[in-house]
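To keep things clear, I will list the structure first and then write my remarks on it.
The figures here come from the full heavy-atom set of this structure, side chains too, leaving out hydrogens, waters and symmetry mates.
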Amino acid sequence: MPFSLADARFALDRSISLLRRGATSLGTRGWRATWQRVTAQLGLLAPPQRRPLLAADPSPFSPFSVPCAAEPRATIVIPVYNGFGHTLACLRAIAAAPPEAGVEIVVVDDGSSDETVEALPQVEGLRYHRRPANGGFIAACNDGAALATGDCLVFLNNDTVPQPGWLDALLRTFEQHPGTGLVGAQLLYPDGRLQESGGLVLRDGRGESRGRFADPDHSLLRFACEVDYCSGAALAIPRALFQSLGGFDPLYAPAYYEDTDLAFRVRAAGHRVLCQPDARVVHVEGASAGNDLSSGMKSAQLRNQPVFAGRWAQVLASHPDSPPDSLKPVADGRQVLVIDALTPTPDRDSGSLRMVNLMRLLREEGAHVVFVPADRRHAGEDTERLQALGIEAWYAPHMGGLPAWLKAHGPRFSSVIASRHYVARGLLPLLRKHAPQARLVFDSVDLHYLRERRAADLAGDARLQRTAMRTQALELDVMARSDVTLVVSPAERELLARDAPQVRVEVISNLHQVAGAGRPFEQRRDLVFVGGFRHPPNVDAVRWFVESVFARVRAALPDVRFHCIGGDLVPEIEALREHPGVLVHGYVPDITPYMDGCRIAIAPLRYGAGVKGKINLSMAHGQPVVATATAVEGMHLRHGHDVLVADDADGFADAVIRLYGDATLWMELSIHGHENIRRHFSPDAARATVREVFFD
């Protein structure tokens, strides 16, 4: 691709931005944290994208056990006819990596004459059912469904090796994608190539495997998406729905097209059919039925095609005549591109949680969402989390540089969100060139110049003040060149009304779901702070609290402990472990026990900008908060009603001590905090603005 002026400006702006922010970070974070940020921006720490596949265990049979729950959430139905070696490998794979969800496994023997009959009854926990006569795949599956007790049916071929996490990923899909009636797994060949990521049906009824022989990690094949059908080799469906539809239709007996027909009936009943590539299953295609369409069981595929095509002729009239290219994106519908510096880490910082929930909200409203990190890095589980939600996430090596990618993909977007001024600045010329039809939305995340100005004022540092002024000029310039600017609080919108009156500014704040009340007052103990320590205001806040406030609290409450939770620990925070009662945990994957079990959350921020996710998070769990005025800015909170506010050390300590011992006040703040989340920070609170910005 020819190197244009817009390309050159993007490269120059990004280089200058990295150097400038690196210099600022050295002054505020030190060399170690700065190096971590630089390597993340450049993608130097990218993990390998491909995990090794769990292989079939070919060792001779000896008795073993499989998962078996008394009240299973799902029933795995495995129809078998001979092929004991495959069945054994399949069951061993499930036993080697048992799902988190409670399951039962029902093996339906369709008249085997090999080791199956003697060996499978020796597998502890397995429900083995032998049919009186061979009836074929459909009859065996329907028999298994009739025996099931789980809420969800999972049909699994015996010639498969399910990969760790496959079943939980299938089941999560029903929760993550409301309205889903059937979910299929991504099927892989034993050598790792893609067998299919869902299926497409052509106008004449022929089924086409989506992405066959491609890289299963390709960005266009790795996100949960709607498909025409999913192979019966590995699919899940609510048991009640399966029963209401009459199961697999015997019209197609003994096999073939029964799974395609089921998917069409699920859709006709008003439900969605999705492939979930986060659920991976190795499938030895043709192991039981062969691959010869002219003879044997496989010949039923040709026989059943016209049967299926005749039944669904009206629906198939709108389907294509020839298979589309699976590695070419579909340009139909409303599509929103999101570009951020890094892939969101919603379990580590509130800005990431807001971005993920904003993308979820866009999808709920009917948009197809594409995410591109400026570092082009595959971020492991964080990338896969987006893909499981149905977000088309791109990364190297499946994309080259951003200029080339935008030239190829820009025309399909109706809107583009460019997040953070240092990302958006260099992108704007490229976006105007390659996506001229798109509305350009600049997401400030928080006003960086406001945060830097307050840090400079607190430190009394003239150099930091000059840096803040330079950031202000850059940030306001990006706003002026964008169509819409998003901020997270009315306070920031009011500030921009003075600093940039010509800019269209809309508020989309933090987005949280109310999580519940947690434990009652009497069962809660201690204080907690949650926040990542790549963020200098959090470092300053925790140091000030421990060094100036906490000793006063401990004098009145000798047994109280302070739990400090957050990733990217810096030496100043690690050193706080020396203070009595201070527990520095670092990154905690699941903070729910602390949200539901600690009595009070603290937010002792002395400078910053934006809306504080740590406060939202606690209030969503019914956990009252003691905070500074800076921490509650723009959050619709009132002292004594839904939060306690104090700015000096004595006042902050008094507020903590008072709230810790007053059950009535604690309950009032808990209830009102919950209501504040519902009214101002839930997805429903942002829905009208999202529609106005992205759908009008």
Between Asp261 and Arg311, is the closest basic N to carboxylate O distance under 4.0 Å? yes
Against Asp278, only a single residue in Gln387, Gln186, Arg172, Gln176 fulfils side-chain contact (heavy atoms from CB on, under 4.5 Å); can you say which? Arg172
Gln623 vs Val528, side-chain contact (heavy atoms from CB on, under 4.5 Å): CA-CA, chis, key distance, verdict: CA-CA 10 Å; Gln623 185 180 61; Val528 65; 3.6 Å; yes
For the pair Arg280 and Asp217, find out whether any cationic side-chain nitrogen is under 4.0 Å from an anionic carboxylate oxygen. yes
Identified side-chain contact (heavy atoms from CB on, under 4.5 Å) partner of Ile105 from the options Ile78, Thr75, Val154, Val123: Ile78
Using a strict 4.0 Å threshold on nitrogen-to-oxygen distance, state whether Arg363 and Glu392 make a salt bridge. no
Using a strict 4.0 Å threshold on nitrogen-to-oxygen distance, state whether Asp109 and Arg131 make a salt bridge. no
Regarding Glu196 and Arg210, does a basic nitrogen lie under 4.0 Å from an acidic carboxylate oxygen? no
Report the C-alpha separation of Val284 and Thr160 in whole Å, then their side-chain angles, then the decisive distance to 0.1 Å, and conclude whether the side-chain contact (heavy atoms from CB on, under 4.5 Å) test is met. CA-CA 6 Å; Val284 185; Thr160 60; over 6 Å; no
Check this for me: does any side-chain nitrogen of one of Asp596 and Arg519 sit under 4.0 Å from a carboxylate oxygen of the other? no
Applying side chain to side chain donor-acceptor pair (under 3.5 Å) between Thr345 and each of Asp347, Asp349, Thr343, report the one that passes. Asp349
Thr180 vs His271, test: side-chain contact (heavy atoms from CB on, under 4.5 Å). Steps then yes/no. CA-CA 5 Å; Thr180 298; His271 305 281; over 6 Å; no
